Amino acid sequence: MAALYDFDTAIDRRGTWCVQWDGVADRFGVDGLLPFTISDMDFATAPEVLAALRDRLDHGVFGYTTWQQDDFRSAVAHWYATRYGTEIDTGQLVYGPSVLNQLSQLLQMWTGQGDGVVVHTPTYDGFRKAITGLGRELRGVPVGDEEALVRELARPDAKVLVLCSPHNPTGRVWTGAELTRMAELAERYGVAVVSDEIHADFVHEGHVHVPWTRVAGEGRWALISSGSKAFNFPALTGSYGLIGDPADRAEYLRRMETAEGLASPAVLSLTAHIAAYREGGPWLDAVRAYVAGNLGHVAERLSADLPELGWEPPQAGYLAWIDLRAAGVDDAELQRVLVERERVAIMGGAVYGAPGFVRLNVGCPRAKVERGVEALIRAVRAVGAVR
């Protein structure tokens, strides 16, 4: 299937105002680095999406738009039914400009100043910024540590569990049993759940994503997601959510349409979502298989040159989360060598609260991945305790 699409030919993204390529100096202080950073891909989106966008552009009229129409609702329902074997209630659907904006709105609805918001660590930095920026207290629990999760959820001022499903940056896919247990604990302690499932469409073979709607109990909950991650159109903006409680759903919509002034969504985002969810499945399967090959290449090279790391590909996503602690690497020195000598930009784990790790984006042509992993190996050998 992958032969139907060309993921090997590089597309020059420089000069397109893109954060990963044109904004690299903002984070690393140097222009011209080869970037493996922010979580978007270097691939053009699905041909079916591009065709739908061209058709909509040719219409030429871009007036105020509504997302509350059957084309959009039924496309989302079709996607969940065909991809996840899950029937959703389209009456629960809401819309927003991004998953982080939706998260912010829900936190403002369900928490107050100083309240505790529980997240798994390491933590996507967008969560940290949203939570602490609103004056809420971020309370981290290590991935897989149920004892810590129970302890934090049981605190009287714990109000929301923000779940990343699958987890970013580790690529962990939560099992149905794990999610059911989280739902039980949240309901027991009266904690609302916001499940960010934007990485769900990139679950790799051998693992299965379970939408939160399948395990949600009687407590407050919201599932937030977008097709923008898997189909690589975040610049179009746009996300959607499912909110279980009718009163909460009405309050969310009131906030978006009045307080936030966001009654009219971006029409090209709606167009892209509908085309992706109706016609983009074959392209997604192909790009995911290609990325799995990229991750396999990273695993092969690390196994050969840095076997002490024992690295294995993630269960989901195109972000290689690599634990370098066994190599005795100093984070600051590693970054200096990567930037100054190797001329590459790779995210350090400290961004996610995990010093000693790096996050390498492999959503790109294989030749770029090869350059990135070789640069990382050379840098680790140069500064690590193991040569």
Side-chain angles (χ1 to χ4, degrees), residues 2 5-60 62 65 96-101 124-126 129 168-169 198-199 201-202 226-239 265-276 279-280 283-284 286-288 290-291 294 317-320 338-339 342-347 351 359-373 375:
Y5 307 97
D6 178 11
F7 300 120
D8 286 318
T9 301
I11 298 173
D12 187 0
R13 299 181 67 192
R14 295 181 178 90
T16 62
W17 316 314
C18 108
V19 172
Q20 180 161 195
W21 288 81
D22 294 330
V24 70
D26 294 339
R27 186 181 291 269
F28 292 87
V30 180
D31 278 322
L33 303 180
L34 186 67
F36 299 86
T37 54
I38 195 168
S39 58
D40 64 12
M41 296 185 286
D42 288 337
F43 307 128
T45 190
E48 296 81 3
V49 173
L50 290 173
L53 291 172
R54 292 188 184 103
D55 286 345
R56 186 63 184 84
L57 288 172
D58 286 344
H59 183 266
F62 308 104
T65 305
S98 70
V99 291
L100 285 178
N101 180 273
Y124 166 48
D125 57 321
K129 292 173 183 175
N168 175 20
I198 198 169
H199 292 275
D201 295 328
F202 244 94
S226 173
S228 65
K229 187 68 64 179
F231 288 91
N232 206 39
F233 52 75
L236 298 180
T237 73
S239 65
V267 66
L268 295 184
S269 175
L270 291 176
T271 301
H273 272 90
I274 293 166
E279 305 173 67
W283 179 89
L284 178 61
V287 76
R288 194 174 58 234
Y290 186 89
V291 165
N294 283 351
Y318 49 81
L319 304 169
L338 287 171
V339 170
E342 298 296 339
R343 304 292 294 171
V344 298
I346 299 173
M347 299 293 279
V351 173
R359 196 188 78 169
L360 179 76
N361 182 344
V362 300
C364 55
R366 185 71 47 81
K368 183 186 173 189
V369 174
E370 290 170 354
R371 289 181 62 187
V373 71

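Nothing fancy with the numbering, it's 1 onward along the sequence. Everything numeric here is computed off the predicted structure, so don't read it as measured data.
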query: Just how far is it from atom CG of Leu33 to atom CZ of Arg27, taken to the nearest 0.5 Å?
result: 13.0 Å
query: Within a strict 4.5 Å, meaning less than it, do heavy atoms of the Asp40 and Gln20 side chains meet?
result: yes
query: Can you name the nearest heavy-atom pair linking Cys364 to Phe36, along with the distance?
result: SG-CE2, 4.5 Å
message: Can you confirm whether Leu100 sits close enough to Tyr124 that some side-chain heavy atom of one is under 4.5 Å from a side-chain heavy atom of the other?
response: yes
- request: Please name the pair of heavy atoms, one in Asn361 and one in Ile38, separated by the smallest distance, quoted to 0.1 Å.
  value: ND2-O, 2.8 Å
field: Test item: Arg359 and Ile346 side chains (from C-beta on) under 4.5 Å apart, heavy atoms
entry: no
NZ on Lys368 to CG on Asp8, rounded to 0.5 Å: 14.0 Å
- request: Using atom types as modelled and distance alone, determine if a side-chain donor or acceptor of Asp201 lies under 3.5 Å from a backbone N or O of Ala230.
  value: no
query: Between Arg13 and Asp42, is there a salt bridge with N-O shorter than 4.0 Å?
result: yes
- prompt: Phe28 versus Pro35: any side-chain heavy-atom pair under 4.5 Å?
  reply: no
query: Is the shortest heavy-atom distance from the side chain of Asp31 to the side chain of Trp21 under 4.5 Å?
result: no
query: Hey, is CZ on Arg371 packed in by over 12 heavy atoms from elsewhere, all under 6.0 Å?
result: no
field: Least distance between heavy atoms, Lys229 atom then Tyr318 atom
entry: CD-OH, 3.3 Å
Would you mind writing out the side-chain donor-acceptor pairs for residues 231-238 within the sub-3.5 Å range, not counting sequence neighbours?
residue	atom	partner	partner atom	Å
Asn232	OD1	Met41	N	2.8
Asn232	ND2	Met41	O	2.8
Asn232	ND2	Phe43	O	2.8

field: Closest contact, heavy atoms only, Thr65 versus Pro265
entry: O-CD, 3.0 Å
- request: Flag the pair Phe7 / Arg366 as yes when at least one side-chain heavy-atom distance between them is below 4.5 Å, and no otherwise.
  value: no
- prompt: Do you know the tightest heavy-atom contact between Thr16 and Asp22?
  reply: N-OD2, 3.0 Å
query: Counting N and O atoms only, with roles assigned by atom type, does the side chain of Ser226 sit under 3.5 Å from a partner on the main chain of Ile198, one being a donor and the other an acceptor?
result: no
field: Taking every non-hydrogen atom, the tightest pair across Thr271 and Ala52
entry: CG2-O, 3.5 Å
- prompt: Less than 4.5 Å apart, any side-chain heavy atom of Ser239 and any of Asn101?
  reply: no
task: List the steps and the verdict of side chain to side chain contact (heavy atoms under 4.5 Å, CB included) for Leu268 and Leu57.
output: CA-CA 8 Å; Leu268 295 184; Leu57 288 172; 4.2 Å; yes
